[in-house]
Amino acid sequence: MPVLERETFASRLLTWYDQHGRHDLPWQQDRTPYRVWVSEIMLQQTQVTTVIPYFERFMARFPDVASLAEASQDEVLHLWTGLGYYARGRNLHKAAQVVMAEHDGRFPVDSLEAMAQLPGIGRSTAGAIIAQSTGQRAVILDGNVKRVLTRLQAVEGWPGRPAVERELWQLAEHYTPHDRVVDFTQAMMDLGATLCRRGQPDCPRCPFHDVCLAHASGEQRRFPESKPKKTTPLRTTRMLLLRDAGGRVLLELRPSTGLWGGLWSLPQFDNDQDLGRWLDEHAPAAERGTPQTSFTHVFSHFRLEITPVPASVEHMDSVSEGWRWYDPQTPDSVGLAAPVKKLLQTLSPFTLSPPAGP
DNA sequence: AAGTCGGGGGC
DNA sequence: GCCCCAGACTT
């Protein structure tokens, strides 16, 4: 049962937003569907302060959906390097081409269903784009809104559970007004991000502290319940650092889906034997160095222990599709896996062997 | 309903 | 170290 009527909730929230909300985020200027869309995709599972420089670079290079649709995937992923969840970048590129080909270059912002059919746009993101770029009533349910609602209503259970998520959608639907939807959706996210934050919520300044069920019980820190934790396995890999006489490094294109999909990486092998056999076949004249100090790269669901293995060749004939020689001193506009980018940055142009990993 | 998909921030 | 962040998609 909602603790407030829709209009009461919206009125209190908007009064707070006018005084304390965020009004100067880059995507709040010139709120076109395109700019709102790009920002919403970048902001999925990613904090605002991380997104801002990526958003600015992206807009400078791709000012509109047509320019994005015409770009190469390599260049799109280049601007995504370091942001993570690269399927977002691939889907963004794909969706731009769908908008150009099937929607005459304009986002279908009058249809929630049509928006949610575009790659990378789910129910909440579709609602956010529609609400923010057109002012039409649309409901959102992102992490901020979930936190606000689970506390306000003391909703038990991890919000990732479908049953809990259904309840939260109902609450979000109940509280979303018909007027000032642009500000309302932004206000919900601002409240969750700046005041009803995870760590130390500033309850005394909250416009709902008198009705919040979590606050009433003094248990605001218990909501939302955290995700059940699982043990993260450790995987190991060898990364071949094969350099030619010009100091260039051999890179391999990752498969288009899956981990680091569509990015360029160093050739990876499960063990030294596999790496050795690959060199025997493709670069028998290569001088093989000793493995460097390993380092660990952490993902959400596993840790990857990376052992760089240097090797050198004088020259190799042209490489086939899916391979390239990359000059770390004059980088190409391609997407690189984060630890690969770091490794390449540590390479000295004057030495054959790289230093220990980052 | 659970697993996959990143990298960084905050504590 | 840990948990989480303006989620979507696959199985």
Side-chain angles (χ1 to χ4, degrees), chain A residues 21-22 25-28 36-55 77 80-92 94-95 115-129 131-132 138-148 157-166 168-169 172 185-194 196-200 221 223-233 235 254-263 265 296-304 335-342 358:
Chain A
R22 296 175 291 189
L25 296 170
W27 41 89
Q28 291 180 294
V36 172
W37 168 56
V38 172
S39 74
E40 289 297 331
I41 301 300
M42 286 187 170
L43 286 161
Q44 289 170 358
Q45 298 293 288
T46 311
Q47 296 183 348
V48 168
T49 54
T50 300
V51 163
I52 289 175
Y54 284 87
F55 180 81
L77 291 182
W80 213 270
T81 290
L83 199 53
Y85 283 151
Y86 298 95
R88 294 184 298 172
R90 299 193 304 270
N91 284 333
L92 195 77
K94 209 177 308 173
M115 286 297 293
Q117 275 178 3
L118 293 170
I121 300 181
R123 181 174 172 184
S124 182
T125 298
I129 297 170
Q132 299 261 317
V139 182
I140 66 170
L141 185 65
D142 67 355
N144 289 309
V145 179
K146 286 177 178 176
R147 189 164 48 255
V148 169
W158 176 52
R161 272 176 42 199
V164 179
E165 192 164 328
R166 272 195 299 278
L168 291 173
W169 271 112
T185 53
Q186 186 63 47
M188 284 295 277
M189 295 187 282
D190 286 1
L191 188 73
T194 69
C196 193
R197 52 190 180 267
R198 183 174 68 92
Q200 283 197 299
R221 296 288 299 276
F223 300 93
E225 286 187 22
S226 42
K227 177 179 182 170
K229 54 183 166 188
K230 50 188 188 296
T231 59
T232 61
R235 302 181 197 171
R254 305 266 313 173
S256 59
T257 61
L259 191 69
W260 292 333
L263 301 191
S265 180
T296 303
H297 186 74
V298 180
F299 293 91
S300 309
H301 47 309
F302 66 94
R303 293 174 299 144
L304 185 64
L336 293 175
V340 173
K341 184 178 181 183
K342 283 184 193 168

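All chains are named by letter (A, B, ...) in the order of the sequence lines, taking the proteins before the strands, and each is independently numbered beginning at 1. In this text, all values refer to a predicted model and were calculated from it rather than measured experimentally.
- Look at CG on A:Leu77: it is 16 Å from P on B:dC5, rounded to the nearest Å.
- Between the C1' atom of C:dG7 and the CG atom of A:Leu168 lies a distance of 14 Å, rounded to the nearest Å.
- When the side chain to side chain donor-acceptor pair (under 3.5 Å) test is applied to A:Thr81, no partner is found at least two apart in sequence or on another chain.
- The base of C:dA6 has none of its N or O atoms less than 3.5 Å from a complementary donor or acceptor on the side chain of A:Arg123.
- Residue A:Val48 is classed as a base contact, given a heavy-atom separation below 4.0 Å to a base.
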Criterion side-chain contact (heavy atoms from CB on, under 4.5 Å) on A:Leu259 and A:Arg254, from CA distance to verdict: CA-CA 8 Å; A:Leu259 191 69; A:Arg254 305 266 313 173; 3.9 Å; yes

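- Taking every side-chain heavy atom of A:Gln45 into account, C:dG7 is the closest of C:dA6, C:dC4, C:dG7.
- Take A:Arg22 and apply the salt bridge (charged side-chain N to carboxylate O under 4.0 Å, His left out) test, not counting sequence neighbours, and it matches A:Asp190.
- The separation between A:Leu83 atom CG and C:dC5 atom P is 17 Å, rounded to whole Å.
- For A:Arg235, there are no side chain to side chain donor-acceptor pair (under 3.5 Å) partners two or more places apart in sequence or in a different chain.
- Considering only the side chain of A:His301, B:dC5 comes nearest among C:dA6, B:dC5, B:dG6.
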Between protein and nucleotides 8-11 of chain B, what N or O pairs are separated by less than 3.5 Å?
{"from": "B:dG9", "atom 1": "O4'", "to": "A:Gln47", "atom 2": "OE1", "distance (Å)": "3.1"}

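- OP1 or OP2 of C:dA6 has at least one side-chain nitrogen or oxygen of A:Arg147 nearer than 4.0 Å.
- Residues meeting the ring-ring contact (aromatic ring centres under 6.0 Å, His included) test with A:Phe302, sequence neighbours left out: A:Phe299.
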Please write out each protein N/O paired with an N/O of nucleotides 9-11 of chain C under 3.5 Å, distance rounded to 0.1 Å.
{"from": "C:dC9", "atom 1": "OP1", "to": "A:Gly120", "atom 2": "N", "distance (Å)": "2.5"}

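- Taking the P atoms as reference points, B:dC11 lies 14 Å from C:dA6, given to the whole Å.
- Distances were taken from every side-chain heavy atom of A:Tyr86 (C-beta onward) to each of B:dG7, C:dC3, C:dA6; the shortest belongs to B:dG7.
- Note: CD (A:Glu40) to P (C:dG7) measures 9 Å, nearest angstrom.
- Each of C:dA6, B:dG7, B:dC5 was ranked by its minimum atom distance to the side chain of A:Phe299; first place goes to B:dG7.
- Contacts of A:Ser300 with the nucleic acid, taken as non-hydrogen atoms under 4.0 Å apart, include base atoms.
- Residues satisfying the side chain to side chain donor-acceptor pair (under 3.5 Å) criterion with A:Thr125, sequence neighbours excluded, are A:Gln44.
- Residue contacts shown for A:Gly258 are limited to sugar-phosphate atoms, with no base heavy atom under 4.0 Å away.
- Distance noted for atom P between C:dT10 and B:dG6: 14 Å (whole Å).
- In this view, A:Phe55 and A:Trp27 satisfy the ring-ring contact (aromatic ring centres under 6.0 Å, His included) rule, not counting sequence neighbours.
- In this structure, CD of A:Glu165 is placed 9 Å from C1' of C:dG7, rounded to the nearest angstrom.
- The interatomic distance linking A:Gln44 (CD) with C:dA8 (P) rounds to 5 Å, in whole Å.
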side-chain contact (heavy atoms from CB on, under 4.5 Å) evaluation trace for A:Trp80 with A:Leu263: CA-CA 10 Å; A:Trp80 213 270; A:Leu263 301 191; over 6 Å; no

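- Listed by chain and residue number, A:Arg31, A:Thr185 satisfy the side chain to side chain donor-acceptor pair (under 3.5 Å) test with A:Gln132 (two or more places apart in sequence, or in another chain).
- Distances shorter than 4.0 Å separate none of the side-chain N or O atoms of A:Lys229 from OP1 or OP2 on C:dC2.
- Among the heavy atoms of the strands lying under 4.0 Å from A:Trp27 is at least one base atom, whether or not backbone atoms are also near.
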Dot-bracket pairing map - DNA chain B, Watson-Crick plus G-U, both contacts under 3.5 Å, | cross-strand: |||||.|||||

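- Backbone-only contact: A:Thr125 has heavy atoms under 4.0 Å from sugar-phosphate atoms and none from a base.
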Candidate pair A:Phe223 and A:Cys196, rule side-chain contact (heavy atoms from CB on, under 4.5 Å), full reasoning: CA-CA 11 Å; A:Phe223 300 93; A:Cys196 193; over 6 Å; no

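- Atom CD1 of A:Ile52 and atom OG of A:Ser39 lie 10.5 Å apart (nearest 0.5 Å).
- Between the CG atom of A:Leu304 and the C1' atom of B:dT4 there is a distance of 15 Å, given to the nearest Å.
- Atom OH in A:Tyr85 sits about 13 Å away from atom P in C:dA6, given to the nearest Å.
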Chi angles and distances behind the side-chain contact (heavy atoms from CB on, under 4.5 Å) call for A:Asn144, A:Leu191: CA-CA 8 Å; A:Asn144 289 309; A:Leu191 188 73; over 6 Å; no

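- At the heavy-atom level, A:Gln186 lies under 4.0 Å from base atoms of the strands shown.
- When each of A:Thr81 and A:Ala163 is assigned the nucleotide of DNA chain B with its nearest heavy atom, A:Ala163 is the one assigned upstream, toward the 5' end.
- Shown here are the side chain to side chain contact (heavy atoms under 4.5 Å, CB included) partners of A:Gln117, two or more places apart in sequence or in another chain: there are none.
- The phosphate of B:dG7 (OP1 or OP2) has no side-chain N or O of A:Trp80 nearer than 4.0 angstrom.
- Using C1' as the reference atom, C:dC5 and B:dC5 are 14 Å apart when rounded to the nearest Å.
- Not counting sequence neighbours, A:Trp169 has no partner by the ring-ring contact (aromatic ring centres under 6.0 Å, His included) test.
- A:Leu141 comes within 4.0 angstrom of no nucleic acid atom, judged by non-hydrogen atoms across all strands.
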